[in-house]
Amino acid sequence: MDERYDPGAVESKWQHFWEKTNLFKVKEDPHKKKYYLLEMFPYPSGNIHMGHVRNYTIGDVVARYKRMQGYSVLHPMGWDAFGMPAENAAIANNSHPAQWTYQNIDTMRSQLKQLGFSYDWDRELATCSPEYYRWEQWLFLKMYEKGMAYRKESFVNWCEHCQTVLANEQVESGLCWRCGEQVRQKKLQQWFFRITDFADDLLSYCEKLPGWPDKVITMQKNWIGKSSGAEIRFPVENSNEQIAVFTTRQDTVFGATFMCLAPEHPMVLELAKGTPRQGDVAAFVNRISMQDRSLKAVEDYEKEGVFTGSYCINPLSGMRMPIYTANFALMEYGTGAVMSVPAHDQRDFEFARKYGLDIIVVVKPYHDDLEAGTMTEAYTGEGIMVNSGRFNGIDSVKALDEIAAYLERKGFGEKTTSFRLRDWGISRQRYWGAPIPMIYCHRCGVVPVPEADLPILLPEDANLLEGGKSPLPALEYFAKTVCPVCGGSDARRETDTMDTFVESSWYFERYCSPACNTAMFDQRAVDYWMPVDQYIGGVEHAILHLLYSRYYTRVLKEFGLVKYREPFTRLLTQGMVCKETVSCSEHGFLLPEEAEGTGADRICKKCGREAVVGRVEKMSKSKKNVIDPNVLLEKYGADTTRLFCLFAAPPERDLEWSEQGVEGGYRFLNRVWRLALNWMDLIREARPFNGSPDQLSGESRDLFKKIHETIKKVTTDIEDRYHFNTAISAVMELVNTMYGIESAEQSALKIELVRLAVESVALLLSPIVPHFAEELWEALGFESSILLASWPTYRKDALVKDEHLIVVQVNGKLRSRFHIDSDADDDAVKKMALSDEKVLKFIDDRPIKKIIIVKRKLVNVVV
RNA sequence: GCGAGAGUGGCGGAACUGGUAGACGCACUGGACUUAGGAUCCAGCUCUGGGAACAGAGUGGGAGUUCAAAUCUCCCCUCUCGCACCA
């Protein structure tokens, strides 16, 4: 142990030691309880950012803690390596996505190693490697066989200028991000996974995930969006056709006065055919279908529609209802058709007023009147049925069931449920992804690639095209192939690749046996390790990634590959890392190092103008409020960085970055270092105190109690709540107490006690600041890693207090306090309280009504 | 609009099932050691009045339950996040 704490030296020393001794390597160990701790793997974008640092620090603390508790801990790391940024970077630098990706992986791996995370690096995987994605292709074939993967036409964002498909985030207010061209909707044949088959299951199991944050559960439930109602068929006038609608308000059928179809609804053009409306309808449909979907999400998106020229008949009221096509009717939801009840649905109400359509009240509020003519908004509540024939007079809630039953009897419809969740479209018209293993033959149609031909390798020598268009269709040696069924030589491969969410839906299983080359994973390894006991990541993945993973796991279960259906037992979503923004009128947002001074004197280094401190926001490159982890590692080291990430806020909350806070963390480590150094010569050869509290008195006894209280506090804070911030402050308190111990007066007992205290501090801090703790541990004379030591346990008898502080209230207000022996009974406490001068003063001779005594805590005298 | 979460000193945050509000840290102030200190150690630090003892107020605002409320109930305000024409 050096005189001075030098984080650079300490950290590289221990990182080498860990590497050399293979300390983080794990194998299935049937004699130990397993614990699978997983953090969401990163996209290899180039550098680790503070969000990663926080996420992985939290995970590492839990992993190391569990390991010291005796668990066999799986703690892996890898790379979510397919995706668009690699393509964009490759185009910009005229290089290749693979090269860019693997370079980034190298940089980021070394950054993670510098942070001292306890990953078993032998299990590292990159999803862009054929050894990984071949199994994804394999499962795709299995899913295709079972009809779980299918092809259908679907819309994509299309830029005519770039001749390419755009992801939603590449569409900026309806325009292409790259060239500014108007984005259009184009219909393409695409592959889908039938996630909707599991909609009910995914929803009902939300209740069986008690280890997940409520927030995420709610988001998942809303996303699945189950609603129960009825499907009702409306016959089209002068036709044999019927229009099916889905409604949750079958009680209002008698109030349905018109019909709205989605513009893409297959019947729209047919209904308009031969009517004077034909031209208008075609123009409308054409215009709306060109519109970008993101535009439709805008708040004031104007509701509009056109009459198709045809009518349908309300099966219950017999009313002749005009059929419209309207831009707010969504083809993806329900049946793509809406029965419009303007009196009881706000949207329908507005539409009816706009186009002068009939409004009929069928549900009357219990204690109010309702007139169609004078309504200013739709009444969506419950009430008494009116204008509804045989159902008049009954409660609308009851009518829901009765009308559904009636419709069923008459054959007009039936009860049903509808989901917001749609099937998972996995086709991406992109290069940097896993090829979908399918072949199109002129004679045999859609043909799966034979299993023996897997993997279908992504060609590595493709040149990326400006604009982002996939080079695969033009690569003849890839795209052109032989039909595996008829042997025809003019078959073509599917050139779309898979959504990268597919890779991230099973990487946690792959970690269990990352080198397995005979299957997706080794069954025994997965049986041992899975499910993940604790998953940690950002809330931004609360819906898609987690839902897809839950779905994919169910698919694996259907194939008998796994035994469980939920992959993640506990989930922690950590908060964002935030920092104040700083900007100047000349240069806009400033990087932290581009401004100097504090408060009102802060100025922009570039122009000398005043630099204004803005809101605290999530760290982002665009706002320039970022801290580079490299700079922190350089200046303070990994341990301080980790310590601050944990100390500044509990993990689920947002963390506000503070340079001074980091300093504080650094100061604390130095404080511990000096303390240990001061005592080291005395305690190095000593044994830690292992006696009972009865042997001690005075400050020794207090220290002994403090040590055990701290062990208890840190253990429960980590174990029960992941509140590392309070765990750290408990250790700080212990250290403060130790600073009060006089080192001049020595005794054998005291030295043993200080030895125990220093050991405890090292052990309790070791998951948090592992390099620092190793150094301390070594200085104490231990020869093996502190990670191999057991987590400390506390003595119950050390926590017993001899006396307690009793606070005395008079009428609920704190008036006095005193200490009393723990074994004092209520009467003694009462006597003490009532003989207290201050208490008597506040009682002021008023009669005592009541005395409340809370054992060992409080007395409240009510007068 | 719907849903979820949050609001505590100058700041980040503590306070487990109602029972000493403000642990711990930052900032600030004073002292010690020092040629010097942005190092370190010690002390103070919610607000108001007071030299102090002490008293009063105080957990976004308002009501309520209770001997006792940051904590429970109702209403309101503000902020953050998610969903948002879902029929």
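Here the structure is a predicted model, which is why all the values come from computation and not from measurement. Naming convention: chains lettered A, B, ... in sequence-line order (proteins, then strands); numbering from 1 in each chain. Worth knowing before you read on, the calculation uses all heavy atoms, side chains too, and leaves out hydrogens, waters and symmetry mates.
- Nucleic acid contact class of A/Y739 (heavy atoms, under 4.0 Å, all strands): sugar-phosphate only.
- Within the 4.0 Å cut-off from OP1 or OP2 of B/C16, not a single side-chain nitrogen or oxygen of A/T716 is found.
- Heavy atoms of A/E733 sit under 4.0 angstrom from primed sugar atoms or phosphate atoms, though from no base atom.
- In this structure, A/N736 reaches the sugar-phosphate backbone alone: every heavy-atom distance under 4.0 Å involves primed, P, OP1 or OP2 atoms, never a base.
- Heavy-atom distances to RNA chain B give each of A/V338 and A/S729 a nearest nucleotide, and the one nearer the 5′ end belongs to A/S729.
- If you check the side chains of A/R653 and A/Q574, you find no donor sitting under 3.5 Å from an acceptor.
- Nearest-nucleotide positions on RNA chain B place A/R671 closer to the 5' end than the other of A/R671 and A/S227.
- OP1 or OP2 of B/A14 lies within a sub-4.0 Å distance of a side-chain N or O belonging to A/N725.
- Between B/A69 and B/G58, the distance separating the two P atoms is 11 Å to the nearest Å.
- A/R674 has a side-chain polar atom (N or O) that falls below the 4.0 Å cut-off from OP1 or OP2 of B/C41.
- To the nearest whole angstrom, the two C1' atoms, one in B/A21 and one in B/U29, are 24 Å apart.
- Atom name C1', nucleotides B/C86 and B/C16: the rounded distance is 42 Å, in whole Å.
- Under 4.0 angstrom from either OP1 or OP2 of B/U20 there lies no side-chain N or O belonging to A/R815.
- Here the separation of B/A15 from B/G9, taken at their C1' atoms, is 15 Å to the nearest Å.
- With both ends at atom P, the span from B/A14 to B/G22 equals 15 Å, rounded to whole Å.
- Distance from the side chain of A/N860 is smallest for B/A68 among the nucleotides B/A27, B/A68, B/A15.
- Side-chain polar atoms of A/D717 and A/T726 form a donor-acceptor pair below 3.5 angstrom.
- In this structure a side-chain-to-backbone donor-acceptor pair under 3.5 Å is present from A/H344 to A/Y379.
- Among the protein residues, A/V854 comes within range of the nucleic acid bases, having at least one heavy atom under 4.0 Å from a base atom.
- When heavy atoms are screened at a 4.0 angstrom cut-off, A/D654 is found touching the sugar-phosphate backbone but no base atom.
- Comparing B/A43 with B/A55, their P atoms sit 25 Å apart, to the nearest whole Å.
- Distance NZ (A/K857) to C1' (B/C16): 10 Å, rounded to an integer number of Å.
- Under 4.0 angstrom from either OP1 or OP2 of B/A57 there lies at least one side-chain N or O belonging to A/K813.
- Among the heavy atoms of the strands, none lies under 4.0 Å from A/R856.
- Inspection of the A/R671 and A/N736 side chains reveals an N or O donor paired with an N or O acceptor under 3.5 Å.
- Backbone-only engagement by A/G664 is indicated by non-hydrogen atom pairs under 4.0 Å involving sugar-phosphate atoms exclusively.
- Here A/K850 reaches the OP1 or OP2 of B/C67: one of its side-chain N or O atoms lies under 4.0 Å away.
- Here A/I728 lies out of heavy-atom contact (under 4.0 Å) with every strand.
- Taking 90° from 0 as the syn/anti boundary, the base of B/G30 is oriented anti.
- Counting only N and O atoms by type, the side chains of A/Y5 and A/T640 include no donor and acceptor under 3.5 Å apart.
- For B/A15, the OP1/OP2 oxygens have a side-chain nitrogen or oxygen of A/R721 closer than 4.0 Å.
- To the nearest angstrom, P of B/C16 lies 11 Å from CG of A/D717.
- Nucleic acid contact for A/F644: none, since no nucleic acid atom lies under 4.0 Å from a heavy atom of the residue.
- Taking atom CG of A/D720 as the reference point, atom P of B/A15 lies 13 Å away to the nearest angstrom.
- For the pair A/E656 CD and B/G13 C1', the interatomic distance rounds to 11 Å; values are reported in whole Å.
- When the C1' atom is compared between B/U66 and B/C79, the two are found 31 Å apart, to the nearest whole Å.
- Note on A/T218: only backbone sugar-phosphate atoms sit closer than 4.0 angstrom, heavy atoms only; bases stay farther off.
- Residues A/Y722 and A/E652 bring no donor and acceptor atom of their side chains to less than 3.5 Å of each other.
- Atoms NZ (A/K226) and C1' (B/A87) sit 18 Å apart, rounded to a whole Å.
- At whole-Å resolution of the value, CZ in A/R817 and C1' in B/A21 are 12 Å apart.
- For the OP1/OP2 pair of B/C83 and a distance below 4.0 Å, the side-chain nitrogens and oxygens of A/R420 include no atom meeting the criterion.
- For the pair A/R815 and A/F842, the cation-pi test (distance below 6.0 Å, angle within 45°) is passed.
- Annotation: B/A6 and B/U71 have their P atoms spaced 13 Å apart (nearest Å).
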